[in-house]
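These values consider heavy atoms only, across backbone and side chains, with no hydrogens, waters or symmetry-generated copies. Nothing fancy with the numbering, it's 1 onward along the sequence.
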Amino acid sequence: MSEKQNNEIDFSGRWWEGVPWMEGLLAKEEPTAFQVLSAFVCNVILQSKDAVKIAGDLPPRVIYFVTKHPKRGEEKLILMLTPLAIIQGEPSAEPDIAINIDYYDFVKMLGGEEDLMDMVWSGKIALSGNTVVGMDLKDIIDASIGLMPTGRPAAWTIGVP
């Protein structure tokens with residue numbers, strides 16, 4: 001791994017025990033992507049009135065994540081917004097977006113170390129489907145960690161279907 005920045009997670013040992021937003025996660029082994037996303041939603045998003053407001057203003061969204069863990073392989077999960085749900089497995093209908101992402105980049109994205117749309121634009125991760133939904137997710141993550149949502153083109157306002 002490259003040089004650590006001030007808030008960068010060190011993924012050695014029981015790294016999740018040192019991540020504030022994973023406090024209370026009783027994982028004896030490295031947490032699954034499902035556990036990571038659940039901890040983030042409960043401990044970060046739902047604690048941020050700005051993130052909850054943005055999510056509440058959206059039409060229903062289905063976001064499908066396929067994370068790639070170096071030992072466990074693919075971990076598939078669904079984040080539904082409005083109403084909120086986190087589900088392990090594959091969606092029964094076509095999701096609004098599908099995001100293929102490395103497990104550790106997934107953790108960094110949720111923790112604000114990596115920007116979702118920067119990773120998409122740079123080709124680091126694959127996003128297929130409605131790009132606006134990706135931008136909506138980015139705004140929710142940003143608001144939950146205290147950042148202002150990014151300005152949008154007039155055609156791609158928050159919540160556009």
Side-chain angles (χ1 to χ4, degrees), residues 4-11 14-27 30-67 75-89 91 95-122 124-125 127 129-161:
K4 262 182 73 167
Q5 295 177 358
N6 292 344
N7 64 345
E8 189 174 312
I9 297 171
D10 177 5
F11 289 108
R14 297 174 63 86
W15 62 265
W16 60 94
E17 293 176 347
V19 178
W21 54 269
M22 288 194 199
E23 189 173 307
L25 186 62
L26 303 175
E30 190 166 55
T32 65
F34 177 80
Q35 291 172 305
V36 169
L37 183 60
S38 297
F40 182 75
V41 168
C42 292
N43 297 333
V44 181
I45 290 179
L46 294 177
Q47 305 304 316
S48 166
K49 66 179 183 177
D50 293 334
V52 170
K53 179 172 179 355
I54 291 170
D57 288 343
L58 299 175
R61 301 290 199 204
V62 176
I63 301 168
Y64 176 49
F65 292 101
V66 178
T67 66
E75 296 180 306
K76 300 173 180 182
L77 59 150
I78 303 159
L79 173 62
M80 290 177 50
L81 300 173
T82 319
L84 177 64
I86 304 166
I87 304 163
Q88 286 181 300
D96 292 293
I97 60 169
I99 298 172
N100 291 293
I101 186 169
D102 172 80
Y103 173 86
Y104 296 109
D105 287 338
F106 180 67
V107 174
K108 289 178 186 179
M109 175 192 73
L110 295 177
E113 291 180 34
E114 292 273 3
D115 181 278
L116 169 64
M117 296 312 292
D118 285 351
M119 288 192 291
V120 170
W121 305 141
S122 71
K124 188 172 186 177
I125 66 171
L127 180 147
N130 185 342
T131 305
V132 175
V133 177
M135 294 169 69
D136 292 343
L137 178 60
K138 174 193 170 12
D139 287 343
I140 292 168
I141 293 170
D142 285 354
S144 71
I145 60 174
L147 300 174
M148 295 295 295
T150 305
R152 300 267 188 105
W156 285 4
T157 59
I158 292 176
V160 167

Practice task
Go through Ile140 and Leu81 one step at a time and tell me if the side chain to side chain contact (heavy atoms under 4.5 Å, CB included) criterion holds.
Solution key: CA-CA 10 Å; Ile140 292 168; Leu81 300 173; 3.6 Å; yes
- prompt: Yes or no on side chain to side chain contact (heavy atoms under 4.5 Å, CB included) for Phe40 and Ile45, after CA distance, side-chain angles and deciding distance?
  reply: CA-CA 7 Å; Phe40 182 75; Ile45 290 179; 3.5 Å; yes
Let me see the working for Ile99 and Leu116 under side chain to side chain contact (heavy atoms under 4.5 Å, CB included), right down to the final yes or no.
CA-CA 10 Å; Ile99 298 172; Leu116 169 64; 4.1 Å; yes
Please evaluate residues Val132 and Ile97 with respect to the criterion side chain to side chain contact (heavy atoms under 4.5 Å, CB included), reporting the C-alpha separation (whole Å), side-chain torsions for both, the decisive distance (0.1 Å), and the verdict. CA-CA 9 Å; Val132 175; Ile97 60 169; over 6 Å; no
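At distances below 3.5 Å, at least one donor-acceptor pair connects side-chain atoms of Asp96 with backbone N or O atoms of Val62. Between the side chain of Ser144 and the main chain of Ile141, a donor-acceptor pair closer than 3.5 Å is present. Looking only at distances, no side-chain donor or acceptor of Asn43 sits under 3.5 Å from a matching main-chain atom of Met22. Side-chain N or O atoms of Ser48 include none that pairs as donor or acceptor with a backbone N or O of Val44 at under 3.5 Å. With hydrogens and angles ignored, the 3.5 Å screen pairs a side-chain donor or acceptor of Gln47 with a backbone N or O of Cys42. The backbone N or O of Ala27 sits less than 3.5 Å from a side-chain atom of Arg14, completing a donor-acceptor pair. Within the 3.5 Å criterion, the main-chain N or O of Leu25 finds no donor-acceptor partner in the side chain of Trp16. A donor-acceptor pair under 3.5 Å is absent between the side-chain atoms of Glu114 and the main chain of Met119, judged by distance alone.
The side-chain contact (heavy atoms from CB on, under 4.5 Å) test with Trp21 singles out one residue from Val36, Ile145, Val41, and that residue is Val36.
Within the structure, every pair that satisfies the salt bridge (Lys or Arg N to Asp or Glu O under 4.0 Å) test and touches residues 35-54, not counting sequence neighbours, is listed here: Lys53-Asp57.
Atom OG1 in Thr82 sits 9.5 Å away from atom CG in Asp136 (nearest 0.5 Å). Here the OG1-NZ distance, from Thr131 to Lys138, works out to 14.0 Å after rounding to the nearest 0.5 Å. For the atom pair CE of Met135 and CG of Asn130, the computed distance is 10.0 Å after rounding to the nearest 0.5 Å. Rounding to the nearest 0.5 Å gives a distance of 5.5 Å between NZ of Lys108 and CZ of Phe11. In this structure, CZ in Phe65 is found 13.0 Å from CD in Glu75, a value given to the nearest 0.5 Å. Between atom CD1 of residue Ile86 and atom CD of residue Gln35 there is a gap of 11.5 Å, rounded to the nearest 0.5 Å.
Nearest heavy atoms, Leu127 versus Gly134: CD1-CA, 4.1 Å. Between Ala33 and Tyr103, the closest heavy-atom pair is N-CE1, 3.8 Å. Scanning both residues, Val19 and Trp15, for their nearest heavy atoms gives CG2-O, 3.6 Å.
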